[in-house]
Number of protein chains: 2
Amino acid sequence: MNPASTAESLSARLAAIASPQRMRIIAVLYAESLHVSELARRLGMSRALLYMHLTKLEEAGFVVGHLEMSDGGKALKFFELVPFAITIDAAALAAAVANDPEAET
Amino acid sequence: MNPASTAESLSARLAAIASPQRMRIIAVLYAESLHVSELARRLGMSRALLYMHLTKLEEAGFVVGHLEMSDGGKALKFFELVPFAITIDAAALAAAVANDPEAET
DNA sequence: TGCACGTGTAATAGAATTCTGACATGTGCA
DNA sequence: TGCACATGTCAGAATTCTATTACACGTGCA
């Protein structure tokens, strides 16, 4: 089991993929790594919006971005998928909640 | 694999559990079925709010509610957990996206 | 020099979620 | 009769998420 799986962190991770738009991003990156502008074209999405989604995915650890030099010498920001597999059931959720700081109020 | 797993439906299902509050609800119900008012007390949550969360969980198929008669003859609304296990990886997401209506514009 | 293409971010509007508080209604019981 | 406890819903506030538009800046190249 994931050691540091609090309800908070698990929730953040799940929320990151529980979005149709971000699922599409992952689906495209699953086929091939692309740089931001190209990815935006494939998805028919504005770059600004795509950045927002990519940031969330990266914070949650599903993708990583890195700069790469193109043949022409231009810097391109490539994103690639980080392999993952999450299994959730009632017991896993209960465990995550149990690991929680219990900080309320 | 789930047959009717579109990005839309999978997203709805994931979004339902990707909430710390709803995780707590599931964690409590994992230990024992309770009626709404009692559940609200356990969680320190208003009934109105709890209803909202329970409705989402029920729509997503994680819990089911049913009326039960208490010893005293009062009707209590009990909720219990529906067993589930979801596994998500990049391939599953890509497949869900592929099953999609592709309805844009 | 100016165009095409790329990164990155700020401001803002719009939409959806979450949460609170109040209300109507019903039952058992002292 | 009145209190305690239950279900169920509504209106509105507060907050977060999503999306658009515009801007600043850099590089290659005809």
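Order of the sequence lines sets the chain letters (A, B, ...), proteins ahead of strands, with each chain counted from 1.
The nearest whole Å value for the distance from the CD atom in A:Glu38 to the P atom in C:dA4 is 18 Å. Between A:Arg22 atom CZ and D:dA19 atom C1' there is a gap of 13 Å when expressed in whole angstrom units. If you measure from atom CE of A:Met45 to atom P of D:dT18, you get 11 Å, rounded to the nearest angstrom. Whole-Å rounding puts the A:Leu49 CG to C:dA11 C1' distance at 15 Å. In this structure, B:Leu14 places its CG atom 15 Å from P of C:dT17, rounding to the nearest Å. Per the geometry, CG belonging to B:Leu50 stands 16 Å off P belonging to C:dG21, to the nearest Å. The CZ atom of A:Arg24 sits 14 Å away from the P atom of D:dT18 (whole-angstrom rounding). D:dT7 atom P lies 10 Å from atom CG of B:Leu39, rounded to whole Å.
Toward the 5′ end of DNA chain D lies the nearest nucleotide of B:Ala75, the other residue of the pair B:Ala75 and A:Met52 mapping further downstream.
A cation-pi arrangement is not found for A:Arg22 relative to A:Phe62, the charged atom failing to lie both closer than 6.0 Å to the ring centre and inside a 45° cone about the ring normal.
Residue A:Leu76 is in sugar-phosphate contact alone, with no base atom involved, counting any heavy-atom pair closer than 4.0 Å across all strands shown.
Proximity note for B:Lys77 (side chain, C-beta onward) versus C:dT20, C:dG6, D:dG8: the nearest is D:dG8. Taking only side-chain atoms of B:Arg41, from C-beta outward, the nucleotide of D:dA6, D:dG8, C:dT7 with the closest atom is D:dA6. When distances are taken from the side chain of A:Tyr51 to each of C:dT9, C:dC19, D:dT18, the shortest belongs to C:dT9. Nearest to the side-chain atoms of B:Lys56 among the listed nucleotides C:dG8, C:dT18, C:dG21 stands C:dT18. If you check C:dA22, D:dT20, D:dG8 against the side chain of B:Ala48, the one that comes closest is C:dA22. Listed nucleotides D:dT21, C:dT7, D:dG8 differ in distance to B:Leu67; the shortest reach to its side chain belongs to D:dG8. In this structure, of D:dT7, D:dT18, D:dC5, it is D:dC5 that holds the atom nearest to the side chain of B:Lys74.
A close approach under 4.0 Å does occur between a side-chain nitrogen or oxygen of B:Ser37 and OP1 or OP2 of D:dT7. Between A:His53 and D:dC17, a side-chain N or O to OP1/OP2 separation shorter than 4.0 Å is absent. Proximity of B:Gln21 to the phosphate of C:dC19: a side-chain N or O atom is located under 4.0 Å from OP1 or OP2. Put simply, B:His35 has no side-chain N or O that comes within less than 4.0 Å of OP1 or OP2 on D:dT7.
A 4.5 Å side-chain heavy-atom check between A:Lys77 and A:Glu68 finds every atom pair outside the cut-off.
The minimum heavy-atom distance between A:Ala16 and A:Leu57, with the atom names listed, is O-CD2, 3.8 Å. Contact between A:Gly61 and A:Val82 at its shortest, heavy atoms only, is O-CB, 3.6 Å.
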Determine, stepwise, if the pair A:Leu43 / A:Val28 fulfils side-chain contact (heavy atoms from CB on, under 4.5 Å). CA-CA 8 Å; A:Leu43 296 166; A:Val28 171; 3.7 Å; yes

Between A:Arg41 and A:Glu38, is a salt bridge (charged side-chain N to carboxylate O under 4.0 Å, His left out) present by the stated rule, with each step listed? CA-CA 5 Å; A:Arg41 275 191 293 273; A:Glu38 177 60 22; 2.9 Å; yes

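Taking 3.5 Å as the limit, the base of C:dG6 and the side chain of A:Arg47 contain no donor-acceptor pair of atoms between them.
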